[in-house]
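Keep in mind that the numbers below use all heavy atoms, side chains included, and drop hydrogens, waters and symmetry copies.
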Amino acid sequence: MEHIAAVLLIVGCSSGFSDCRELPAPTALFETFEECEDVLPASLTEHHQQGLHVTGACVYVDPAAEEEDAELVWSVSPDGALEAEVVTGAMVARDGTAEDEASAF
């Protein structure tokens, strides 16, 4: 089994950041955080051609939690700031807004 150290998250939003959705990453899982950071700029550039405000981040995955169920939880603030984290073995509360998204990997 591969060791996963980072997940590449790319999010596209409408103007005003009221409607955001996760966009496909060319490669989503990385063995090192640095590999993810190397791919991030080109991945963002590729998606800017779709006419959305695109943002992205490499999200750290704790290697000690590799065997647990994990969920990638993210949100985009009204000013376009992306916040994301991998949550393992915990219940995640959401307020149901468009900015509040999650996906399992």
Side-chain angles (χ1 to χ4, degrees):
M1 173 182 255
E2 277 185 24
H3 164 79
I4 300 171
V7 175
L8 175 57
L9 172 64
I10 301 173
V11 175
C13 298
S14 62
S15 61
F17 305 101
S18 61
D19 183 29
C20 297
R21 62 183 161 85
E22 198 169 324
L23 300 174
T27 303
L29 305 175
F30 295 86
E31 291 187 34
T32 69
F33 194 82
E34 292 76 19
E35 287 175 325
C36 183
E37 288 182 317
D38 288 344
V39 171
L40 179 60
S43 298
L44 293 176
T45 300
E46 178 181 318
H47 283 291
H48 275 292
Q49 298 170 3
Q50 295 183 6
L52 299 170
H53 172 80
V54 178
T55 186
C58 293
V59 183
Y60 174 74
V61 177
D62 182 359
E66 194 168 325
E67 297 299 318
E68 297 179 36
D69 287 334
E71 187 174 27
L72 177 60
V73 179
W74 58 269
S75 65
V76 177
S77 67
D79 66 353
L82 173 64
E83 292 186 28
E85 68 178 315
V86 173
V87 178
T88 57
M91 196 90 157
V92 178
R94 291 185 200 83
D95 66 7
T97 63
E99 299 107 21
D100 201 5
E101 300 289 332
S103 64
F105 62 94

Practice prompt. Kindly indicate whether the side chain of V87, heavy atoms from C-beta on, has any atom under 4.5 Å from the side chain of E85.
Written response: yes
Response to the item:
Looking only at heavy atoms, the pair that brings G80 and H53 closest together is O-NE2, 4.4 Å
Fill in: Spacing of CD belonging to E22 relative to CG belonging to L72, to within rounding of 0.5 Å
6.0 Å
Item to complete: Would you please name every residue forming a side chain to side chain contact (heavy atoms under 4.5 Å, CB included) with A42, sequence neighbours left out?
Response: none
Worksheet entry | Check: H47 side chain, P24 main-chain N or O, donor-acceptor pair, under 3.5 Å | yes
Worksheet item: Under 4.5 Å between any side-chain heavy atoms of L8 and F30, yes or no?
Response: yes
Fill in: Donor-acceptor contact present, side-chain E35 to main-chain T32, <3.5 Å
yes
Discussion item. So, using side chain to side chain contact (heavy atoms under 4.5 Å, CB included) as the criterion, who are the partners of L82 when residues are at least two apart?
Written reply: L9, V11, T55, A57, W74, V76
Discussion item. Tell me every residue that passes side chain to side chain contact (heavy atoms under 4.5 Å, CB included) with Y60, counting only those two or more places apart in sequence or in another chain.
Written reply: F33, D62, P63
Worksheet item: Can you tell if the side chain of C13 reaches within under 4.5 Å of the side chain of R21, non-hydrogen atoms only?
Response: no
Item to complete: Name all residues meeting the side chain to side chain contact (heavy atoms under 4.5 Å, CB included) criterion together with E83; count only those two or more places apart in sequence or in a different chain, and write none if there are none.
Response: S75
Discussion item. Quick check for you: to the nearest 0.5 Å, what is the distance between I10 atom CD1 and C58 atom SG?
Written reply: 9.0 Å
